[in-house]
Amino acid sequence: MGRLFAIEIIYRGIYQKTLAKNISRAIVLAAHKEGKPGISFGRYGDSPERNGIPAKNFAIVATDDQTLEEGMAKYEPKEVDITISVDDTLCKGVESWAWYGLQPVNRLLKPGGTLIVTSTQPADKLIEMAHRKEYPYNLAIVKGTPSFSGLWVYKDDHTDVRVLGAISKILPDLFSLKSVQEAIMDEWHDSVKAQSAARAHERISAQTVQPNQGNPETPYAFDLPKWHEMGEGIAIPCIPAGAAVADPVNHVEGGFRPDRNPTFKKFSTRTMRPVVDFDTCIKCTLCWLHCPDSCFDVTPENLYDANMQACCGCGVCEAVCPVKECVTMVNETEFKDNSSQWEAWRKDKQGYETWLQDKIKGREERSHGFRYKGQYEEQVPEMLEIARKG
Ligand code: SF4
Ligand code: SF4
């Protein structure tokens with residue numbers, strides 16, 4: 001039997017769909033240059049995709065047809081040589097549309113396999129975010145702002161070819177840089193993209209992550225009902241009405257917390273989360289009214305606390321809030337837990353103010369979507385410059 005190579009690409013549904021498809025397709029094309037058959041496909045259960053919800057593509061390559069057929073007989077790979085995460089906030093874990101609970105980003109990696117992440121963060125920060133594994137694996141960073149390259153209009157910042165160049169260094173048995181560059185020329189007819197792949201190949205390096213490094217928490221999970229526990233026919237229960245919120249200082253109750261889906265959490269859906277300044281909030285209710293996921297808890301004093309079990313990170317609350325810096329979207333890599341901001345503010349207002357100012361200082365501009373006409377033309381040269389510098 002020959003050798004089978006499996007690579008998964010974890011991406012943000014819709015925003016990064018074309019990017020993930022470009023990478024998985026070009027992996028197969030580059031391997032084909034060396035006579036290796038392969039196939040690239042999306043994860044069946046992730047369709048239809050939803051904005052920002054994690055999804056996966058796979059590229060399966062073998063040294064011969066029979067090995068590929070055997071590899072493809074599985075529904076999807078149970079282990080992979082390389083996991084590519086094209087958004088660093090996914091290092092916290094992946095809760096897809098298609099399974100239940102949180103999956104560690106490195107879950108499918110073989111012993112000694114490599115996690116490739118596109119990020120400007122240092123390795124230590126990414127290692128801290130990813131769950132621990134029982135055996136060592138490697139981490140390699142393709143340096144750059146995670147690309148939210150779009151679906152209908154593809155913002156080509158060369159992330160696709162830079163990842164391909166990195167793979168040719170990390171897993172040279174799969175394909176060489178030469179094969180990658182030939183596949184790029186066939187597919188895109190762009191020598192600058194071929195150069196970007198070469199630069200990423202030169203600059204990428206991996207470091208080993210040991211079993212005692214990383215997030216020690218057990219990932220969020222729940223038990224699926226057994227077949228004999230299921231009701232007859234299809235029953236969709238109503239959402240219960242919700243309840244009041246308890247003030248952690250005065251121990252009075254008031255306000256309103258809507259009841260939420262007890263099993264589908266949105267911990268890994270967002271790349272950014274809102275940070276709320278409760279001292280400057282004028283209680284206008286706009287964030288609460290406009291939030292598409294009903295995630296604001298109304299507190300006993302009528303403030304609005306974004307509940308991190310429900311927030312998908314869309315940024316609507318920041319956009320509608322009329323008070324400057326009262327709601328600020330901050331990159332998800334800045335947070336270690338999902339606890340209530342309002343509770344922290346109630347317990348220590350001065351401490352919360354210091355925390356808030358630290359979080360919102362120098363926050364990067366929103367990194368996905370086009371906010372105004374002409375942004376695409378401005379950003380592409382900028383991204384090409386970053387890609388050139390590596
Ligand atoms: S970012 Fe704001 S508007 Fe969007 S889901 Fe979260 S709390 Fe709601
Ligand atoms: S939109 Fe801003 S000011 Fe209005 S209630 Fe929400 S946080 Fe307060």
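Read the numbers this way: they start at 1 and go in the same order the structure lists the ligands and their atoms.
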So, [X] and [Y], do they make that salt bridge, N to O below 4.0 Å?
| X | Y | answer |
| --- | --- | --- |
| Arg3 | Asp64 | no |
| Glu76 | Lys56 | no |
| Asp247 | Arg346 | yes |

Q) What atoms of ligand 2 come within less than 4.0 Å of a heavy atom belonging to Tyr304? A)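 Heavy-atom distances to Tyr304 below 4.0 Å select 5 (S).
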
**Q.** Residues forming a side chain to side chain donor-acceptor pair (under 3.5 Å) with Asn138, sequence neighbours excluded
**A.**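 Once residues adjacent in sequence are excluded, the partners of Asn138 under the side chain to side chain donor-acceptor pair (under 3.5 Å) criterion are Thr208.
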
Q) What residues form a side chain to side chain donor-acceptor pair (under 3.5 Å) with Thr269, not counting sequence neighbours? A)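 Once residues adjacent in sequence are excluded, Thr269 has no partner under the side chain to side chain donor-acceptor pair (under 3.5 Å) criterion.
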
Protein contact of [atom] - nearest heavy atom, named by residue and atom, plus distance:
| atom | value |
| --- | --- |
| atom 3 (S) of ligand 2 | Ile282 N, 3.5 Å |
| atom 4 (Fe) of ligand 2 | Cys284 SG, 2.3 Å |
| atom 2 (Fe) of ligand 2 | Cys321 SG, 2.4 Å |
| atom 8 (Fe) of ligand 2 | Cys281 SG, 2.3 Å |

Q | Interatomic distance, Leu174 atom CG to Ile167 atom CD1 [nearest 0.5 angstrom] | A |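 The CD1 atom of Ile167 is 7.0 Å from CG of Leu174, to the nearest 0.5 Å.
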
Q | Region of Cys326 that comes within reach of ligand 2 [heavy atoms, distance under 4.0 Å] | A |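 The part of Cys326 near ligand 2 is the side chain, not the backbone.
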
Q. Relative to the heavy atoms of Pro292, which atoms of ligand 1 are at a distance of less than 4.0 Å?
A.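 Those of ligand 1 that fall under 4.0 Å from Pro292 are 3 (S).
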
Q.
Ring of Phe335, cation from Arg273 - is the NZ or CZ under 6.0 Å from the centre and inside 45° of the axis?
A.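 Flagged: Arg273 positioned over aromatic ring of Phe335.
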
Q) Excluding waters, which protein N, O or S atoms are within less than 2.8 Å of atom 2 (Fe) of ligand 1? A)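 The answer, once waters are left aside, is Cys317 SG.
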
**Q.** Heavy-atom check, side chain of Leu115 versus side chain of Thr83, under 4.5 Å
**A.**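 Result yes, sub-4.5 Å side-chain heavy-atom pair found.
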
Q: Each residue besides Val323 in its hydrophobic cluster should be listed here, by chain and number; the cluster joins Ile, Leu, Val, Met, Phe, Trp and Tyr at side-chain heavy-atom distances under 4.5 Å.
A: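 Direct or chained contacts put Val323 with Ile282.
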
